[in-house]
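One structure below.
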Amino acid sequence: MRLHDYAPRPAQIRWLLDSDPAIRWQVMRDLTDEVPKAIAAERSRVATEGWGAQLLARQSPAGSWPGGQWDLVTLWSLVVLKDLGLDPASKEARTMIDRVDKGLVFKALNNRPFLHGETEPCINGRILGVGTYFKEPNDALADQLLGEQLEDGGWNCEAPKSRRSSFHTTICVLEGLLEYERVRKSAAVTKARRRAEDYLLERSMFRSLRTGKVIDKRWLSFSFPMFWHYDVLRGLDYLRSAGVKPDSRVRDAIEVVVERRHQNGRWPLNHLHPESIPLEMETGVGKASRWNTLRALRVLHWYYSSTQV
(Lines give C-alpha, C1' and ligand atoms only; values in the text may rest on other atoms or scores of the structure.)
Protein backbone atom coordinates (compact mmCIF):
# COMPACT_ATOMS: atom_id res chain seq x y z
CA MET A 1 0.00 0.00 0.00
CA ARG A 2 1.25 3.44 -0.93
CA LEU A 3 0.55 6.96 0.24
CA HIS A 4 -0.99 7.70 -3.15
CA ASP A 5 -3.68 5.09 -2.50
CA TYR A 6 -4.91 7.02 0.53
CA ALA A 7 -4.16 10.60 -0.44
CA PRO A 8 -7.28 12.80 -0.16
CA ARG A 9 -9.16 13.08 -3.43
CA PRO A 10 -10.38 16.50 -4.66
CA ALA A 11 -13.99 15.46 -4.00
CA GLN A 12 -13.12 14.54 -0.41
CA ILE A 13 -11.41 17.87 0.15
CA ARG A 14 -14.34 19.82 -1.29
CA TRP A 15 -16.73 17.92 0.95
CA LEU A 16 -14.60 18.53 4.04
CA LEU A 17 -14.23 22.23 3.25
CA ASP A 18 -17.98 22.59 2.81
CA SER A 19 -18.29 22.49 6.56
CA ASP A 20 -17.70 24.24 9.87
CA PRO A 21 -14.65 26.49 10.36
CA ALA A 22 -13.30 23.95 12.88
CA ILE A 23 -13.11 21.33 10.15
CA ARG A 24 -11.94 23.72 7.43
CA TRP A 25 -8.91 25.12 9.20
CA GLN A 26 -7.65 21.67 10.17
CA VAL A 27 -8.09 20.42 6.61
CA MET A 28 -6.07 23.42 5.44
CA ARG A 29 -3.33 22.67 7.98
CA ASP A 30 -3.19 18.87 7.80
CA LEU A 31 -4.29 17.92 4.29
CA THR A 32 -3.85 20.79 1.84
CA ASP A 33 -0.83 22.61 3.29
CA GLU A 34 -2.24 26.10 2.96
CA VAL A 35 -0.11 29.08 3.90
CA PRO A 36 -0.09 29.94 7.63
CA LYS A 37 -1.91 33.25 7.12
CA ALA A 38 -4.85 31.56 5.43
CA ILE A 39 -4.98 28.83 8.08
CA ALA A 40 -4.96 31.41 10.88
CA ALA A 41 -7.72 33.42 9.22
CA GLU A 42 -9.95 30.37 8.95
CA ARG A 43 -9.14 29.27 12.49
CA SER A 44 -10.18 32.67 13.83
CA ARG A 45 -13.73 31.96 12.66
CA VAL A 46 -14.11 29.16 15.23
CA ALA A 47 -14.76 31.76 17.95
CA THR A 48 -17.48 33.59 16.06
CA GLU A 49 -19.13 31.09 13.70
CA GLY A 50 -20.53 27.58 13.79
CA TRP A 51 -19.91 24.99 16.47
CA GLY A 52 -17.31 26.95 18.42
CA ALA A 53 -19.46 30.06 18.70
CA GLN A 54 -22.50 27.98 19.66
CA LEU A 55 -20.69 26.17 22.45
CA LEU A 56 -19.13 29.37 23.78
CA ALA A 57 -22.58 30.99 23.87
CA ARG A 58 -23.91 28.22 26.10
CA GLN A 59 -21.40 28.80 28.90
CA SER A 60 -22.97 30.37 31.99
CA PRO A 61 -21.53 33.59 33.45
CA ALA A 62 -20.41 31.45 36.41
CA GLY A 63 -18.17 29.42 34.10
CA SER A 64 -19.93 26.07 33.69
CA TRP A 65 -22.01 24.52 30.91
CA PRO A 66 -25.54 23.18 31.49
CA GLY A 67 -26.68 19.58 31.44
CA GLY A 68 -25.80 16.63 33.63
CA GLN A 69 -23.01 16.68 36.18
CA TRP A 70 -21.62 20.21 35.97
CA ASP A 71 -17.93 19.37 36.31
CA LEU A 72 -17.94 16.66 33.64
CA VAL A 73 -20.10 18.60 31.17
CA THR A 74 -17.81 21.58 31.68
CA LEU A 75 -14.70 19.47 31.15
CA TRP A 76 -16.08 17.82 28.01
CA SER A 77 -17.10 21.23 26.65
CA LEU A 78 -13.61 22.59 27.23
CA VAL A 79 -12.07 19.55 25.55
CA VAL A 80 -14.31 19.97 22.51
CA LEU A 81 -13.42 23.66 22.24
CA LYS A 82 -9.77 22.63 22.27
CA ASP A 83 -10.42 19.95 19.65
CA LEU A 84 -12.24 22.50 17.51
CA GLY A 85 -9.05 24.54 17.65
CA LEU A 86 -10.47 27.63 19.32
CA ASP A 87 -7.58 30.09 19.35
CA PRO A 88 -6.65 30.47 23.03
CA ALA A 89 -5.47 34.04 22.34
CA SER A 90 -8.88 35.16 21.03
CA LYS A 91 -10.90 37.48 23.23
CA GLU A 92 -13.72 34.94 23.26
CA ALA A 93 -11.40 32.23 24.60
CA ARG A 94 -9.93 34.59 27.19
CA THR A 95 -13.40 35.48 28.48
CA MET A 96 -14.40 31.82 28.55
CA ILE A 97 -11.38 30.51 30.44
CA ASP A 98 -11.37 33.42 32.89
CA ARG A 99 -14.91 32.48 33.87
CA VAL A 100 -13.75 28.91 34.50
CA ASP A 101 -10.63 29.98 36.37
CA LYS A 102 -12.39 32.49 38.62
CA GLY A 103 -15.75 30.82 39.09
CA LEU A 104 -15.39 27.05 39.35
CA VAL A 105 -14.10 24.98 42.26
CA PHE A 106 -14.41 21.43 43.55
CA LYS A 107 -16.26 22.06 46.79
CA ALA A 108 -15.69 18.51 48.04
CA LEU A 109 -11.92 19.09 47.72
CA ASN A 110 -11.74 22.16 49.95
CA ASN A 111 -12.74 24.45 47.09
CA ARG A 112 -9.82 23.43 44.92
CA PRO A 113 -9.86 25.50 41.70
CA PHE A 114 -11.24 23.55 38.76
CA LEU A 115 -8.10 23.95 36.65
CA HIS A 116 -5.98 22.51 39.49
CA GLY A 117 -7.63 19.13 38.97
CA GLU A 118 -9.30 16.58 41.21
CA THR A 119 -8.42 12.97 42.11
CA GLU A 120 -8.83 10.73 39.05
CA PRO A 121 -6.03 10.68 36.45
CA CYS A 122 -8.48 10.28 33.54
CA ILE A 123 -10.10 13.58 34.57
CA ASN A 124 -6.84 15.25 35.50
CA GLY A 125 -5.22 14.38 32.20
CA ARG A 126 -7.96 16.26 30.38
CA ILE A 127 -7.84 19.18 32.85
CA LEU A 128 -4.08 19.43 32.42
CA GLY A 129 -4.53 19.54 28.66
CA VAL A 130 -7.25 22.19 28.51
CA GLY A 131 -5.68 24.19 31.32
CA THR A 132 -2.37 24.30 29.50
CA TYR A 133 -4.00 25.08 26.15
CA PHE A 134 -6.27 27.88 27.37
CA LYS A 135 -4.56 29.21 30.51
CA GLU A 136 -1.16 28.01 31.69
CA PRO A 137 0.61 24.73 32.49
CA ASN A 138 -0.10 23.41 35.97
CA ASP A 139 3.19 21.94 37.21
CA ALA A 140 1.69 20.42 40.35
CA LEU A 141 -0.97 18.58 38.36
CA ALA A 142 1.62 17.29 35.89
CA ASP A 143 3.78 16.05 38.77
CA GLN A 144 0.76 14.35 40.33
CA LEU A 145 0.09 12.45 37.13
CA LEU A 146 3.73 11.42 36.78
CA GLY A 147 3.59 9.98 40.28
CA GLU A 148 0.52 7.92 39.40
CA GLN A 149 2.01 6.14 36.38
CA LEU A 150 1.80 2.38 36.85
CA GLU A 151 4.57 -0.17 36.40
CA ASP A 152 3.28 -1.31 33.00
CA GLY A 153 3.56 2.26 31.68
CA GLY A 154 -0.01 3.50 31.68
CA TRP A 155 -2.58 4.86 34.10
CA ASN A 156 -5.83 3.66 35.62
CA CYS A 157 -8.48 5.64 37.50
CA GLU A 158 -9.00 2.59 39.71
CA ALA A 159 -5.39 2.54 40.93
CA PRO A 160 -3.95 1.70 43.38
CA LYS A 161 -6.59 -1.03 43.76
CA SER A 162 -5.92 -1.99 40.15
CA ARG A 163 -2.28 -2.28 39.11
CA ARG A 164 -3.13 -2.81 35.44
CA SER A 165 -3.43 0.21 33.21
CA SER A 166 -6.52 1.26 31.30
CA PHE A 167 -6.39 2.34 27.65
CA HIS A 168 -9.12 4.89 28.41
CA THR A 169 -7.25 6.53 31.26
CA THR A 170 -3.88 6.26 29.54
CA ILE A 171 -4.96 8.11 26.39
CA CYS A 172 -6.55 10.90 28.47
CA VAL A 173 -3.32 11.38 30.42
CA LEU A 174 -1.11 11.13 27.33
CA GLU A 175 -3.05 13.87 25.55
CA GLY A 176 -2.76 16.12 28.59
CA LEU A 177 0.96 15.52 29.05
CA LEU A 178 1.58 16.20 25.35
CA GLU A 179 -0.15 19.56 25.61
CA TYR A 180 1.80 20.35 28.77
CA GLU A 181 5.13 19.41 27.19
CA ARG A 182 4.51 21.68 24.23
CA VAL A 183 4.69 24.59 26.67
CA ARG A 184 6.92 23.22 29.42
CA LYS A 185 9.79 21.03 28.24
CA SER A 186 10.45 18.28 30.74
CA ALA A 187 12.66 15.20 30.55
CA ALA A 188 10.46 13.49 33.14
CA VAL A 189 7.32 14.10 31.10
CA THR A 190 9.01 12.92 27.92
CA LYS A 191 10.10 9.71 29.64
CA ALA A 192 6.61 9.12 31.03
CA ARG A 193 5.00 9.69 27.65
CA ARG A 194 7.40 7.32 25.93
CA ARG A 195 6.63 4.59 28.45
CA ALA A 196 2.89 5.09 27.99
CA GLU A 197 3.20 5.16 24.20
CA ASP A 198 5.05 1.86 24.40
CA TYR A 199 2.24 0.50 26.56
CA LEU A 200 -0.16 1.14 23.67
CA LEU A 201 2.24 0.10 20.91
CA GLU A 202 3.27 -3.17 22.54
CA ARG A 203 -0.42 -4.09 22.45
CA SER A 204 -0.76 -3.07 18.78
CA MET A 205 -3.07 -0.25 19.97
CA PHE A 206 -5.96 -2.63 20.78
CA ARG A 207 -4.79 -6.18 21.54
CA SER A 208 -4.18 -8.14 24.72
CA LEU A 209 -0.48 -8.45 25.47
CA ARG A 210 -1.03 -11.97 26.76
CA THR A 211 -3.37 -13.46 24.14
CA GLY A 212 -3.16 -11.10 21.17
CA LYS A 213 -6.96 -10.92 21.03
CA VAL A 214 -8.95 -7.73 20.58
CA ILE A 215 -9.48 -6.26 24.05
CA ASP A 216 -12.72 -4.45 23.24
CA LYS A 217 -14.40 -4.54 19.82
CA ARG A 218 -15.90 -1.11 20.49
CA TRP A 219 -12.39 0.31 20.06
CA LEU A 220 -12.57 -0.65 16.38
CA SER A 221 -15.38 1.84 15.66
CA PHE A 222 -15.12 5.60 15.77
CA SER A 223 -17.04 8.49 17.26
CA PHE A 224 -16.65 12.19 17.93
CA PRO A 225 -16.52 13.64 20.55
CA MET A 226 -14.65 10.83 22.27
CA PHE A 227 -15.14 12.08 25.85
CA TRP A 228 -13.15 9.59 28.00
CA HIS A 229 -13.45 6.66 25.60
CA TYR A 230 -10.48 5.12 23.83
CA ASP A 231 -10.62 3.87 20.27
CA VAL A 232 -8.03 2.96 17.63
CA LEU A 233 -8.42 6.19 15.65
CA ARG A 234 -8.00 8.31 18.78
CA GLY A 235 -4.86 6.41 19.74
CA LEU A 236 -3.34 6.77 16.28
CA ASP A 237 -4.21 10.44 16.02
CA TYR A 238 -2.42 11.00 19.32
CA LEU A 239 0.72 9.30 17.99
CA ARG A 240 0.56 11.44 14.84
CA SER A 241 0.13 14.61 16.88
CA ALA A 242 3.01 13.61 19.16
CA GLY A 243 5.33 13.10 16.20
CA VAL A 244 5.88 9.41 16.91
CA LYS A 245 7.40 7.64 13.91
CA PRO A 246 5.10 4.75 12.97
CA ASP A 247 6.45 1.23 12.91
CA SER A 248 5.11 -2.29 12.47
CA ARG A 249 3.31 -2.13 15.82
CA VAL A 250 0.62 0.19 14.41
CA ARG A 251 0.03 -1.79 11.20
CA ASP A 252 -2.96 -3.72 12.53
CA ALA A 253 -4.53 -0.51 13.82
CA ILE A 254 -3.99 1.21 10.47
CA GLU A 255 -5.75 -1.69 8.77
CA VAL A 256 -8.71 -1.13 11.07
CA VAL A 257 -8.89 2.50 9.95
CA VAL A 258 -8.69 1.50 6.28
CA GLU A 259 -11.42 -1.11 6.71
CA ARG A 260 -13.78 1.46 8.22
CA ARG A 261 -13.71 3.57 5.07
CA HIS A 262 -16.81 3.48 2.88
CA GLN A 263 -16.63 3.08 -0.88
CA ASN A 264 -17.15 6.82 -1.36
CA GLY A 265 -13.87 7.45 0.46
CA ARG A 266 -15.54 8.80 3.59
CA TRP A 267 -15.56 7.43 7.10
CA PRO A 268 -18.87 7.08 8.94
CA LEU A 269 -19.93 8.05 12.42
CA ASN A 270 -20.05 4.54 13.85
CA HIS A 271 -21.75 5.44 17.11
CA LEU A 272 -22.30 8.16 19.69
CA HIS A 273 -21.15 7.85 23.29
CA PRO A 274 -23.76 8.30 26.05
CA GLU A 275 -22.05 11.40 27.46
CA SER A 276 -23.07 14.74 25.99
CA ILE A 277 -22.36 18.45 25.82
CA PRO A 278 -24.84 21.26 24.99
CA LEU A 279 -23.94 21.19 21.30
CA GLU A 280 -24.94 18.97 18.40
CA MET A 281 -22.38 18.50 15.65
CA GLU A 282 -22.64 15.23 13.75
CA THR A 283 -25.44 12.99 15.00
CA GLY A 284 -26.26 10.73 12.06
CA VAL A 285 -24.94 7.34 13.15
CA GLY A 286 -23.93 5.33 10.10
CA LYS A 287 -23.70 8.43 7.93
CA ALA A 288 -20.50 10.03 6.65
CA SER A 289 -18.61 11.95 9.34
CA ARG A 290 -16.37 14.87 8.47
CA TRP A 291 -14.63 14.56 11.84
CA ASN A 292 -13.80 10.90 11.36
CA THR A 293 -12.84 11.42 7.73
CA LEU A 294 -10.49 14.30 8.59
CA ARG A 295 -8.85 12.35 11.40
CA ALA A 296 -8.55 9.15 9.38
CA LEU A 297 -7.02 10.89 6.37
CA ARG A 298 -4.38 12.65 8.42
CA VAL A 299 -3.54 9.44 10.30
CA LEU A 300 -3.13 7.56 7.01
CA HIS A 301 -0.95 10.35 5.63
CA TRP A 302 1.22 10.16 8.77
CA TYR A 303 1.58 6.40 8.37
CA TYR A 304 2.10 6.02 4.64
CA SER A 305 4.43 8.98 4.31
CA SER A 306 6.89 7.29 6.67
CA THR A 307 9.92 5.92 4.88
CA GLN A 308 10.41 3.00 7.28
CA VAL A 309 6.98 1.40 7.36
Side-chain angles (χ1 to χ4, degrees), residues 19-23 43-136 138 141 157 168-169 171-172 175-176 179 223-231 234 269 271-285 287 289-292:
S19 182
D20 190 89
I23 296 283
R43 184 185 185 187
S44 70
R45 299 176 186 272
V46 174
T48 58
E49 301 176 19
W51 296 325
Q54 293 170 37
L55 190 52
L56 285 169
R58 288 164 190 164
Q59 185 189 29
S60 75
S64 62
W65 276 263
Q69 188 174 329
W70 74 267
D71 54 340
L72 292 180
V73 176
T74 294
L75 178 57
W76 306 144
S77 297
L78 287 166
V79 169
V80 167
L81 286 169
K82 175 182 173 295
D83 290 343
L84 296 180
L86 175 66
D87 185 349
S90 67
K91 67 178 186 299
E92 292 84 1
R94 302 320 312 152
T95 298
M96 177 275 294
I97 201 63
D98 283 348
R99 287 174 174 173
V100 172
D101 191 38
K102 296 175 182 177
L104 301 182
V105 299
F106 293 107
K107 291 183 179 179
L109 299 175
N110 296 318
N111 292 322
R112 182 186 299 176
F114 182 83
L115 293 177
H116 289 196
E118 43 115 284
T119 59
E120 296 187 0
C122 53
I123 300 297
N124 286 339
R126 309 315 302 270
I127 291 178
L128 179 66
V130 296
T132 300
Y133 183 82
F134 286 115
K135 188 70 176 178
E136 60 188 13
N138 188 309
L141 189 55
C157 281
H168 301 295
T169 304
I171 195 64
C172 290
E175 290 168 348
E179 201 64 52
S223 185
F224 189 90
M226 292 83 69
F227 301 104
W228 55 268
H229 302 272
Y230 177 84
D231 65 53
R234 181 178 178 183
L269 180 69
H271 61 91
L272 288 169
H273 294 299
E275 296 81 9
S276 64
I277 57 173
L279 171 71
E280 285 193 353
M281 290 181 284
E282 297 175 331
T283 59
V285 173
K287 296 182 179 180
S289 161
R290 286 180 172 87
W291 275 120
N292 285 347

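Atoms considered below: every heavy atom in the structure, side chains included; atoms not considered: hydrogens, waters and symmetry mates.
Within the 4.5 Å cutoff, the side chain of Val79 has no heavy atoms near those of the Ile277 side chain. You'll find the side chain of Phe134 reaches within 4.5 Å of the side chain of Leu86, heavy atoms only. When side chains are defined from C-beta on, His116 does not count as touching Phe114, because their heavy atoms never get closer than 4.5 Å. At least one side-chain heavy atom of Met281 sits less than 4.5 Å from a side-chain heavy atom of Pro225. The shortest side-chain heavy-atom distance between Ile123 and Leu72 falls under the 4.5 Å cut-off. The shortest distance between side-chain heavy atoms of Thr132 and Leu128 falls below 4.5 Å. Looking only at side-chain heavy atoms (C-beta outward), Leu115 and Asn138 stay at 4.5 Å or farther from each other.
The list of disulfide (SG to SG under 2.5 Å) pairs with a residue in residues 73-109, not counting sequence neighbours, is empty. Within the structure, disulfide (SG to SG under 2.5 Å) pairs that include any residue of residues 93-123 comprise Cys122-Cys157 (at least two apart or interchain). Counting only residues at least two apart or on different chains, the ring-ring contact (aromatic ring centres under 6.0 Å, His included) pairs with a member in residues 72-99 are Trp76-Phe227. Residue pairs meeting the salt bridge (Lys or Arg N to Asp or Glu O under 4.0 Å) criterion with at least one member in residues 119-134, sequence neighbours excluded, are Arg126-Glu175. For residues 77-98, the set of pairs meeting the side-chain hydrogen bond (donor to acceptor under 3.5 Å, both in side chains) definition, not counting sequence neighbours, comprises Lys82-Glu179, Asp98-Lys135.
Distance check: Leu78 CG to Leu104 CG gives 8.5 Å after rounding to the nearest 0.5 Å. Taking CG of Asn124 as the reference point, atom SG of Cys172 lies at 10.5 Å (rounded to 0.5 Å). Annotation: the span from Ile127 atom CD1 to Phe106 atom CZ amounts to 4.0 Å, rounded to 0.5 Å. Note that CD1 of Ile97 and OH of Tyr133 are 11.0 Å apart. Values are rounded to the nearest 0.5 Å. To the nearest 0.5 angstrom, Leu84 atom CG is 7.5 Å from Leu279 atom CG. Annotation: the span from Glu275 atom CD to Leu75 atom CG amounts to 11.5 Å, rounded to 0.5 Å.
Between Val73 and Pro278, the shortest heavy-atom distance links the atoms CG1-CD, 3.9 Å. Smallest separation of non-hydrogen atoms from Arg112 and Gly117: CD-O, 2.8 Å. Nearest heavy-atom pair, Leu269 versus Glu282, reported as atom, atom and distance to 0.1 Å: CD2-O, 3.5 Å. Across every non-hydrogen atom of His229 and Pro274, the tightest pair is NE2-CD, 4.3 Å.
Partners of Glu49 under the side-chain contact (heavy atoms from CB on, under 4.5 Å) rule, at least two apart in sequence or in another chain, are Pro21, Arg24, Arg45. By the ring-ring contact (aromatic ring centres under 6.0 Å, His included) test, His168 is found to be paired with Trp219, Trp228, residues two or more places apart in sequence or in another chain being considered. Not counting sequence neighbours, Arg290 has no partner by the salt bridge (Lys or Arg N to Asp or Glu O under 4.0 Å) test. Applying the side-chain contact (heavy atoms from CB on, under 4.5 Å) criterion to Glu280, with sequence neighbours excluded, gives Thr283. Legend: residues meeting ring-ring contact (aromatic ring centres under 6.0 Å, His included) with His271, ordered by chain and number and at least two apart, are His273. Legend: residues meeting side-chain contact (heavy atoms from CB on, under 4.5 Å) with Thr119, ordered by chain and number and at least two apart, are Leu109. Not a single side-chain contact (heavy atoms from CB on, under 4.5 Å) links Asn110 to another residue, sequence neighbours left out.
A distance-only check finds a donor-acceptor pair linking the side chain of Asp231 to the backbone of Arg234 [under 3.5 Å]. Checked by atom type and distance alone, the side chain of Arg58 never pairs as donor or acceptor with a backbone atom of Pro66 at under 3.5 Å. Not a single donor-acceptor pair under 3.5 Å links the side chain of Trp51 to the backbone N or O of Ile23.
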